[in-house]
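Just below is one structure, and these are the notes that go with it.
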Amino acid sequence: MAMSCKDGKQPIMDNGKYVRYTPEQVEALERLYHDCPKPSSIRRQQLIRECPILSNIEPKQIKVWFQNRRCREKQRKEASRLQAVNRKLSAMNKLLMEENDRLQKQVSQLVYENGYFRQHTHNTPLATKDTSCESVVTSGQHHLTPQHPPRDASPAGLLSIAEETLTEFLSKATGTAVEWVQMPGMKPGPDSSGIIAISHGCTGVGARACGLVGLEPTRVAEILKDRPSWFRDCRAVDVLNVLPTANGGTIELLYMQLYAPTTLAPGRDFWLLRYTSLLEDGSLVVCERSLKNTQNGPSMPPVQHFVRAEMLPSGCLIRPCEGGGSIIHIVDHMDLEPWSVPEVLRPLYESSTVLAQKTTMVALRQLRQIAQEASQSNVTNWGRRPAALRALSQRLSRGFNEALNGFSDEGWSMIGNDGMDDVTILVNSSPDKLMGSNLSFTNGFPAVSSAVLCAKASMLLQNVPPAILLRFLREHRSEWADNNIDAYAAAAVKVGPFSLQGSRVGSFGGQVILPLAHTIEHEEFLEVIKLEGVGHSPEDPIMPRDVFLLQLCCGMDENAVGTCAELIFAPIDATFADDAPLLPSGFRIIPLDSGKEASSPNRTLDLAAALEVGPAGNRASSDHSANSGCTRSVMTIAFQFAFESHMQEHVASMTRQYIRSIISSVQRVALALSPHLGSQAGLRSPLGTPEAQTLARWICQSYRSYLGVELLKSNGEGSESILKTLWHHSDAIMCCSLKALPIFTFANQAGLDMLETTLVALQDITLEKIFDDHGRKTLCSEFPQIMQQGFTCLQGGICLSSMGRPVSYERAVAWKVLNEEENAHCICFMFINWSFV
């Protein structure tokens, strides 16, 4: 587009198509582009008037300049993105080549060992064992024994331990000291989470992760060393001593405590040596191991309420990457002393998969999360900074862990039970605990609490995937929660007028979910829950009209093996500041059979598989059983409430009954969601009951009586056959009660899909909630005709699912369902040719 320019002052145009601008004009246009990259026609004319240097340029030419400028900017960004992708692929290719070399070495050693042992067993009696030729692989599968003379706590002795730790860690990170196998459920190769592997056949449990992160090595080391900031199970890390080394590294003596994940087991603690060093190739290493008496190093006496676990040489190898970022290898290798927990919980402490999900992969995700935040805007949804949102998630998780563990050094003390030990009650009156809950109200009301009470319990679940159960608890709160209890908990922090901007995810039986943030891989969600009209009484101004909860939800991916599912929530104050007071309560569901195959990715919240009748249903259930086996999990429940000290006995009694009612509700829901409901539990599914079969017959008889045609095209005459055909009907068929506020009492599979609900939660949905204003008016005008004539036909329109999604339908038919005595039993609706908009 180069053209001549006379005198260098005014642009020269060729047939109105091309123009060369002076440097001053380009500078002025660039300033304008920075303020407004896509100005309107009016704005461009205004620019010409306001900027005299542009007065000789046609508005059309300015429009072309802005178009070209936007195109160049887009090309520049795309080129920059492609360069970044190329650098990442090059680094990942290097990582894969190194991993391939390591695997080839491991295969060669295994082939050599196999041949040696074959010869050894032929030439030597089986009763003897010669360890003189034991390979690196097998030698790494036993407890490490000191290869050097006993060492002491002097700097030289600690350096000797540190150097040995470094060597053993590197042999695990990049060598063949441990046999690493692919993590179950992970795709082979460099997927979004990196390369994840778990140990096989070695002492304790081990996990290894390799990946690329967009952070410099020193920043990576800083984040990983601050374990409490990303490892939710870490209660505290105390650095008791720091020693510099001659090579520029540091040796640290650490004492670390981990929370117990459930009420059925004690916490773990570690006495560690951590060594940070820079290798000759420029790589940064942070490695650590437990200090034991056999090493004659410094010792740490046992601590009450904790079991001393052992960390075998572990750590992180961080190598700088060309063009920025780092290639990292993370290794976690521990012996968690499974003997100290009940036998039913031992798989939790013997599973390398659980260690990978809870620790190794979490570290890698934290690094990738911080790297992404550093490359994007500092302010996210609702004006919150990512670091502030992560801090809120951390506070929710930490508060839940503190209540669940109830350590005495934090002020918790146990009170007596009521003759049954199924629910444990703890009370905390310490000032530190009350600082977060005992606020002065801005409207003049006094604080309503002087202590905090926690009720906790654990239960064993069978045959229900934790992810499915957690999703149900999240979306159908009314199935287990008590509105009065929610209002009482909210009054402790005085939830007042509250206005939040943002899109709503869905509405579930009186609750609205407002998204706040999610992690980079969507494995964790932070959201605000609005409970509408909960517990409001005009006579009690302290009780709020609407209750708002800050909620943390994670572990909803059914395909993630060994993932702990958590739903943790806390009432929030109207201000919702970053340091808002939080009293977290919630659920934690831990799988105990993490080594087995993950549940089918096609399973949804509907109960179709469990509610099938006849041979087909049994076959579907047995197929799923063959895939997933008999799954077990342990659920831990912990709820916290602020209260006045003189009300302790009353609140404790109320809380016990509440926890027991929740346990009963969870057991009922778990049975309904279990794929083995019919065959394993010995219970008949709701669709197999005589009541359901009778209702199906009434629906079909009434339809034929009023409309003169058959509803079903079925050869079967039995009630069971009618029910099964109705269940699989392609149109959405649902019944609602004849009450002042009609609620749904039955729906076939298509009806459940349209409402996006389950049979268990169907009664949470009222008829008026699925129609918009126009639909409600139409229904009200047609209702008398339904009662008099027996049926009516509705024109096509839009309705809403339980999650707030719009659903279109071609037309609908409503008819009155009569029972055996010819009395109206309910109203049945059939939505024909429906689909989500």
**Item:** Intermediate values then yes/no, side chain to side chain contact (heavy atoms under 4.5 Å, CB included), Ile370 and Val213
**Value:** CA-CA 9 Å; Ile370 294 177; Val213 296; over 6 Å; no
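- With sequence neighbours excluded, the residues satisfying side chain to side chain contact (heavy atoms under 4.5 Å, CB included) with Ser41 are Arg44, Gln45.
- At a threshold of 4.5 Å between non-hydrogen side-chain atoms, the residues Pro39 and Phe66 count as touching.
- Taking all atoms of both residues into account, the shortest heavy-atom contact from Gly282 to Pro320 is O-CD, 3.7 Å.
- When atom types are taken as modelled, the side chain of Gln394 and the backbone of Leu389 share no donor-acceptor pair closer than 3.5 angstrom.
- Considering Arg70, Gln75, Arg76 as possible partners of Glu73, the one that fulfils the side-chain hydrogen bond (donor to acceptor under 3.5 Å, both in side chains) test is Arg76.
- Interatomic distance, CD1 of Ile832 versus SG of Cys793, reported as 8.0 Å (0.5 Å rounding).
- Taking each heavy atom of Ala221 and Ile318 in turn, the nearest pair found is N-CD1, 3.8 Å.
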**Asked** Taking it one step at a time, do Arg385 and Glu373 satisfy salt bridge (Lys or Arg N to Asp or Glu O under 4.0 Å)?
**Response** CA-CA 9 Å; Arg385 294 184 178 275; Glu373 293 171 0; over 6 Å; no
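- Note that Arg811 lies outside the cation-pi zone of Phe831, set by a 6.0 Å cut-off to the ring centre and a 45° limit from the axis.
- In this structure, Met830 and Leu794 have side chains that are not in contact, with every pair of non-hydrogen atoms separated by 4.5 Å or more.
- Residues Met556 and Glu523 form no side-chain contact, since every pair of their non-hydrogen atoms from C-beta on lies 4.5 Å or further apart.
- Side chains of Val362 and Phe231 form no contact here, defined as non-hydrogen atoms less than 4.5 Å apart.
- Atom OG of Ser801 is separated from atom CG of Leu755 by 7.5 Å, given to the nearest 0.5 angstrom.
- A donor-acceptor pair under 3.5 Å is absent between the side-chain atoms of Gln61 and the main chain of Glu58, judged by distance alone.
- Residues Arg776 and Glu768 share a closest heavy-atom pair of NH1-O, 2.8 Å.
- Scanning both residues, Pro584 and Ile568, for their nearest heavy atoms gives CB-CG2, 3.8 Å.
- With rounding to the nearest 0.5 Å, the separation of CD in Glu566 from CG in Leu396 is 10.5 Å.
- In terms of heavy atoms, Trp834 sits closest to Val807 at CE3-CG1, 3.7 Å.
- Summarising the geometry, atom CG belonging to Leu469 is positioned 14.0 Å from atom CZ belonging to Arg474; distances are rounded to the nearest 0.5 Å.
- Put simply, the side chain of Ile529 does not reach to within 4.5 Å of the side chain of Phe548, judged on heavy atoms.
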**Item:** Intermediate values then yes/no, side chain to side chain contact (heavy atoms under 4.5 Å, CB included), His774 and Ile798
**Value:** CA-CA 9 Å; His774 176 72; Ile798 300 290; over 6 Å; no
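- Remark: Thr360 OG1 to Met183 CE distance equals 8.5 Å, nearest 0.5 Å.
- For Ser393, the side chain to side chain contact (heavy atoms under 4.5 Å, CB included) test picks out Arg232, Glu524, Leu526, Leu552, with sequence neighbours left out.
- The ring pair (Phe, Tyr, Trp, His ring centres under 6.0 Å) check on Phe587 picks up Trp480, Phe639, with sequence neighbours excluded.
- The ring pair (Phe, Tyr, Trp, His ring centres under 6.0 Å) search around Phe525 returns none, not counting sequence neighbours.
- A distance of 11.5 Å separates CD1 in Ile743 from NZ in Lys769, rounded to the nearest 0.5 Å.
- Nearest heavy-atom pair, Phe744 versus Leu767, reported as atom, atom and distance to 0.1 Å: CZ-CD1, 3.6 Å.
- By the side chain to side chain contact (heavy atoms under 4.5 Å, CB included) test, Cys51 is found to be paired with Ala28, Ile53, Leu54, residues two or more places apart in sequence or in another chain being considered.
- Partners of Ala467 by side chain to side chain contact (heavy atoms under 4.5 Å, CB included), not counting sequence neighbours, listed by chain and number: Glu558.
- Checked by atom type and distance alone, the side chain of Asn748 pairs as donor or acceptor with a backbone atom of Asp731 at under 3.5 Å.
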**Message:** Using the rule given for salt bridge (Lys or Arg N to Asp or Glu O under 4.0 Å), can you reason through Lys74 versus Glu78, listing the C-alpha separation, both sets of side-chain angles and the distance that settles it, and then say yes or no?
**Reply:** CA-CA 6 Å; Lys74 184 178 180 180; Glu78 180 66 11; over 6 Å; no
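- Within the 4.5 Å cutoff, the side chain of Cys553 has no heavy atoms near those of the Arg471 side chain.
- Counting only distance, with no hydrogens or angles, the side chain of Ser326 and the backbone of Leu215 share a donor-acceptor pair below 3.5 Å.
- Shown here is Gln795, whose CD atom has no more than 12 heavy atoms of other residues, nucleotides or ligands within 6.0 Å.
- Relative orientation of the His518 and His522 rings is parallel, given thresholds of 30° and 60° on the angle between their planes.
- In this structure, the side chain of Asn833 does not engage the main chain of Tyr809 through any donor-acceptor pair within 3.5 Å.
- A donor-acceptor pair under 3.5 Å is absent between the side-chain atoms of Trp65 and the main chain of Leu29, judged by distance alone.
- Two residues are said to be in side-chain contact when any heavy atoms from C-beta on lie closer than 4.5 Å; Phe569 and Leu550 fail this criterion.
- You'll find the side chain of Leu762 reaches within 4.5 Å of the side chain of Leu752, heavy atoms only.
- Remark: Ile42 CD1 is loosely packed, at most 12 non-hydrogen atoms of other residues, nucleotides or ligands lying under 6.0 Å away.
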**Derivation and outcome, salt bridge (Lys or Arg N to Asp or Glu O under 4.0 Å), residues Lys777 and Glu782** = CA-CA 9 Å; Lys777 292 178 181 177; Glu782 296 289 343; over 6 Å; no
**side chain to side chain donor-acceptor pair (under 3.5 Å) evaluation trace for Gln369 with Thr519** = CA-CA 7 Å; Gln369 183 75 32; Thr519 52; 5.0 Å; no
